[in-house]
There are 2 protein chains.
Amino acid sequence: MTAEDRPASPPLTERQEARRRRILHASAQLAGRGGFDAVQMREVAEAAGVALGTLYRYFPSKIHLLVATMQDQLQRMHTTLRKRPPAGENAADRVAETLMRAFRALQREPQLADAMVRALTFADRSVSPEVDTVSRLTTAIILDAMGLEHPTPQQLSAVRVIEHTWHSALITWLSGRASIAQVKIDIETVCRLIDLTASPSRPAPAAGPTARSGRTAPV
Amino acid sequence: MTAEDRPASPPLTERQEARRRRILHASAQLAGRGGFDAVQMREVAEAAGVALGTLYRYFPSKIHLLVATMQDQLQRMHTTLRKRPPAGENAADRVAETLMRAFRALQREPQLADAMVRALTFADRSVSPEVDTVSRLTTAIILDAMGLEHPTPQQLSAVRVIEHTWHSALITWLSGRASIAQVKIDIETVCRLIDLTASPSRPAPAAGPTARSGRTAPV
DNA sequence: ATCAAGTCTGAAACTTGTTCTAGATTAGCG
DNA sequence: CGCTAATCTAGAACAAGTTTCAGACTTGAT
């Protein structure tokens, strides 16, 4: 769980760890008010009690900083979600419920969500590793909700599509082009993909290799 | 078809229309090389032979400019796609084929795609109307491929999810976090939603009023 | 043709992300 | 303890998006 945090950079001293934490805190704080635009590097530095140059040493760009902030928040959310697993009948319901729960959490801090999500989708190649970490975290949350240990490639693809939908739906909501109800419907719609791919391999602790879970689509 | 272009702002004079066109052309040109970062407002202005202030009068921000550029390109693509409709058996196949065709078109100008898509997802509320226009254009393209005139709410939701996936998959590809093959798989996966929603209300292209006629594209 | 209103130009100014530099501090080591 | 390399600080400087302004040019109506 902590393995997917930092790769293996030089281990930070205590003061450095504290600085890093202050920076992330300041970032989340500022994002919480004004959103993306309110996270100004000079202000973050000042709020964190750190020189501008130092801020840039820790996070090489504003995007890096916000993506790291998102990692941080996601990790928290994952922990929270684990405490109360979703209670749906089938995987699709559980995933939809989990995502809607996450969504409601974001609703409480729409500005923060705005800053993080905008940074995430705006990130270019130089931020790929960090964005990938966020993606893996999200995947983990969804797989958790599905209750899967060894997903098939098809299921992984469905999960990717769900992630796509999740991010993009979030954006349309944040920019005021979709209502909450619509986001809910979209999430539920995409979650139906799970049933499409899940049926054959789910309950079996199955010996044997992950048997070809063909597409038993009921049509 | 031209109705969804500009709302109804003061009708532009000829010279103004020409300026607008020069600006969009310069924007696409610059984006074609260096991508998002290479579209610098001063350079666009100079390349278009227009003062900086004028550029800002036509497009109130870089994001507006790039989203307008995307509108322009999408319109072109829609026209092109219409000439050779996809030839798949069912709606899902046709949509997937259409999107992959669009995707290959973008592959030819990855930098331009980068600029446009980044702008699109980075756009905030102030650009909502323009982004919405792009969204409607995309929806039109997908519905065209499905061959639907009067989609059900469920189908519209599926289309929205497909759009979400399309944008987000594009981003992951552009930022180097997903291969083309993966994008293809994701597109095909999400397109299965169409069959899911189509079945209950439309079991066969029976004697429906929307009888598709010219679907015999010679590939 | 002329006038008023609106538009365009060129240039400077302002904002915020990012980079750079010189000197002060800190950490690890012999 | 004293040294050296790395890190941190304060602040200037630079880059590109955005705003502003005075003056020149167009346009449309009279």
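Sequence lines set the chain letters: A, B, ... in the order given, protein chains first and strands last, and positions in each chain run from 1. As a basis for the values below, the full set of heavy atoms in this structure was taken, side chains included, without hydrogen atoms, waters or symmetry mates.
Rounded to an integer number of Å, the gap from B:Phe59 CZ to D:dT19 C1' is 19 Å. Rounded to an integer number of Å, the gap from A:Arg15 CZ to D:dC8 C1' is 9 Å. C:dC8 atom P lies 12 Å from atom CD of B:Glu17, rounded to whole Å. The distance between atom CZ of B:Arg19 and atom C1' of D:dT27, rounded to the nearest whole Å, is 12 Å.
Taking the side-chain hydrogen bond (donor to acceptor under 3.5 Å, both in side chains) definition, one finds that B:Thr69 meets it with B:Ser27, sequence neighbours left out. Residues passing the side-chain hydrogen bond (donor to acceptor under 3.5 Å, both in side chains) test with B:Thr189 are A:Ser157, sequence neighbours excluded. Not counting sequence neighbours, B:Arg125 has no partner by the side-chain hydrogen bond (donor to acceptor under 3.5 Å, both in side chains) test. Residues forming a side-chain hydrogen bond (donor to acceptor under 3.5 Å, both in side chains) with B:Thr121 (at least two apart in sequence, or on another chain): none.
Sorted by first and then second residue, the pairs that involve residues 151-179 of chain B and meet salt bridge (Lys or Arg N to Asp or Glu O under 4.0 Å), not counting sequence neighbours, are A:Asp132-B:Arg177, A:Asp186-B:Arg160. Residue pairs satisfying the salt bridge (Lys or Arg N to Asp or Glu O under 4.0 Å) criterion with at least one member in residues 35-44 of chain B, sequence neighbours excluded, are absent. Sorted by first and then second residue, the ring-ring contact (aromatic ring centres under 6.0 Å, His included) pairs with a member in residues 20-43 of chain B read A:Phe122-B:Phe36; sequence neighbours excluded.
For B:Gln16 and C:dC8, the shortest distance from a side-chain N or O to OP1 or OP2 is below 4.0 Å.
Annotation: proximity of residues 22-43 of chain A to DNA chain C (heavy atom, distance under 4.0 Å) is found for A:Val39, A:Gln40, A:Met41, A:Arg42, numbered in ascending order. Within residues 45-58 of chain A, the residues approached by DNA chain C to less than 4.0 Å at the level of any non-hydrogen atom are A:Leu52, A:Tyr56, in residue-number order.
More than 12 heavy atoms of other shown residues, nucleotides or ligands fall within 6.0 angstrom of atom CD in A:Gln107.
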